[in-house]
Amino acid sequence: DETRRVEENGQFPDPAEWAVTDVVDYFKAAGFEEQAGAFQDQEIDGKSLLLMTRNDVLTGLSIKLGPALKIYEYHVKPLQTQHLKSNAA
Amino acid sequence: DETRRVEENGQFPDPAEWAVTDVVDYFKAAGFEEQAGAFQDQEIDGKSLLLMTRNDVLTGLSIKLGPALKIYEYHVKPLQTQHLKSNAA
Amino acid sequence: DETRRVEENGQFPDPAEWAVTDVVDYFKAAGFEEQAGAFQDQEIDGKSLLLMTRNDVLTGLSIKLGPALKIYEYHVKPLQTQHLKSNAA
Amino acid sequence: DETRRVEENGQFPDPAEWAVTDVVDYFKAAGFEEQAGAFQDQEIDGKSLLLMTRNDVLTGLSIKLGPALKIYEYHVKPLQTQHLKSNAA
Amino acid sequence: DETRRVEENGQFPDPAEWAVTDVVDYFKAAGFEEQAGAFQDQEIDGKSLLLMTRNDVLTGLSIKLGPALKIYEYHVKPLQTQHLKSNAA
């Protein structure tokens with residue numbers, strides 16, 4: 001599982017295959033220890049993560065607004081963009 | 001009722017005639033055992049299912065965000081698209 | 001009051017003059033016995049009914065999602081459309 | 001204060017200078033005795049009133065949906081439109 | 001920290017580097033003593049502040065609607081606009 005969550009050869013990992021625990025581990029590693037559990041509570045796996053909008057992150061996880069804004073902007077959005085690029089290539 | 005919920009001759013079923021129990025059975029069969037009851041609670045029959053938006057599924061059923069995202073993307077949306085195509089044909 | 005809520009000469013009734021009780025009676029007659037009281041609770045008269053959006057019906061009345069979807073699509077929306085047409089004519 | 005809330009010389013009053021109590025008095029005079037207190041509770045003065053959207057009135061004041069719809073459509077919106085016109089002139 | 005929150009040489013401060021306490025101090029100094037604590041509660045630092053929409057300010061901070069409307073319009077929005085201009089220059 002670990003290999004799926006880290007970048008290899010400068011490649012961004014594709015979350016499409018992540019289990020809920022992979023999502024949780026990703027956000028723990030990204031510095032959101034306190035918020036990571038919310039992804040477990042809401043049963044967000046990689047496929048669901050790729051479907052989340054800004055509003056879903058801000059209002060559907062019951063986490064504080066400050067961290068939620070960064071989780072979306074600096075993590076969820078880039079992961080989705082990268083996933084789209086990888087699949088288009 | 002069973003026949004209404006399964007594909008016949010490679011045809012996608014049209015939910016327009018489904019009763020609430022048909023909707024519940026559909027989501028149970030689709031692997032959402034835990035979430036299926038929410039459609040019963042909110043009295044969603046086939047006609048209502050065809051009217052649901054992404055936001056309705058995510059915020060109106062009181063189900064967890066992860067499964068809700070998949071229920072909309074992989075089930076409600078395709079059922080609606082197929083229904084529109086069938087009626088246009 | 002009764003005359004205001006029924007179609008006359010094939011004419012659709014214009015709810016602009018309905019009192020709250022007329023609105024409640026309309027939805028009872030339309031088969032939404034259980035939901036009709038919500039219009040009383042929220043003090044929706046005909047003028048307010050004509051101002052309601054889909055979102056207002058779904059989230060502002062505290063009624064179940066399934067009936068709410070039908071109340072908007074098959075009743076509130078057509079009443080508003082008809083009202084607009086009548087006033088334009 | 002009274003002068004600020006009444007029309008003078010056929011002029012519509014500009015709420016930009018209203019205190020919270022002026023806003024409350026305006027809605028009392030407009031027939032919304034029961035709802036006027038919500039503007040006090042949420043500390044809405046004239047400047048805030050001019051910034052309110054339909055959604056803010058419907059969901060941010062904790063008042064009933066029927067009166068809220070009329071408060072926005074027949075009062076908040078016209079006051080804002082008039083304010084914009086006065087400032088443009 | 002103080003220097004980061006005050007204008008220098010007629011320059012508007014850029015909140016991108018503000019800690020949560022800087023955000024709180026900014027709103028206290030701006031006259032929102034009562035609301036400033038909400039930014040602490042929601043752990044809003046400068047980076048998060050720059051990502052906030054009108055809706056986030058109005059519904060995500062659990063503060064009263066009147067002050068929230070002014071906080072967004074007269075502070076959050078101008079800070080974001082100024083930040084964008086500074087970075088474009």
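Per chain, numbering begins at 1; letters A, B, ... match sequence-line order.
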- Message: Give me the atom names and distance for the closest heavy-atom approach of E/V57 to E/A68.
- Response: CG1-O, 3.6 Å
- Note on the structure: D/S48 and E/G66 have their tightest heavy-atom pair at OG-O, 2.9 Å
- Query: Is it the backbone or the side chain of D/T59 that comes under 4.5 Å from a heavy atom of chain E, or both, or neither?
  - Reply: neither
- Message: Could you report the tightest heavy-atom contact between E/V20 and E/F39, atom names first, then the distance?
- Response: CG1-O, 3.9 Å
- Item | Top contributor to chain D contacts, counting heavy-atom pairs under 4.5 Å, from E/R54, E/K70, E/E73 | E/R54
- Side-chain ion pair, E/K64 and D/D41, N-O less than 4.0 Å: no
- Taking the side chain as every heavy atom from C-beta outward, state whether D/I63 and D/I71 have any atom pair closer than 4.5 Å. yes
- chain D contact via E/L65 - which portion, at a heavy-atom distance below 4.5 Å: both
- Query: So what's closer than 4.5 Å to chain E heavy atoms on D/D45: side chain, backbone, both or neither?
  - Reply: side chain
- Message: If I measure from the heavy atoms of chain D, does E/Y72 come under 4.5 Å with its side chain, its backbone, both, or neither?
- Response: neither
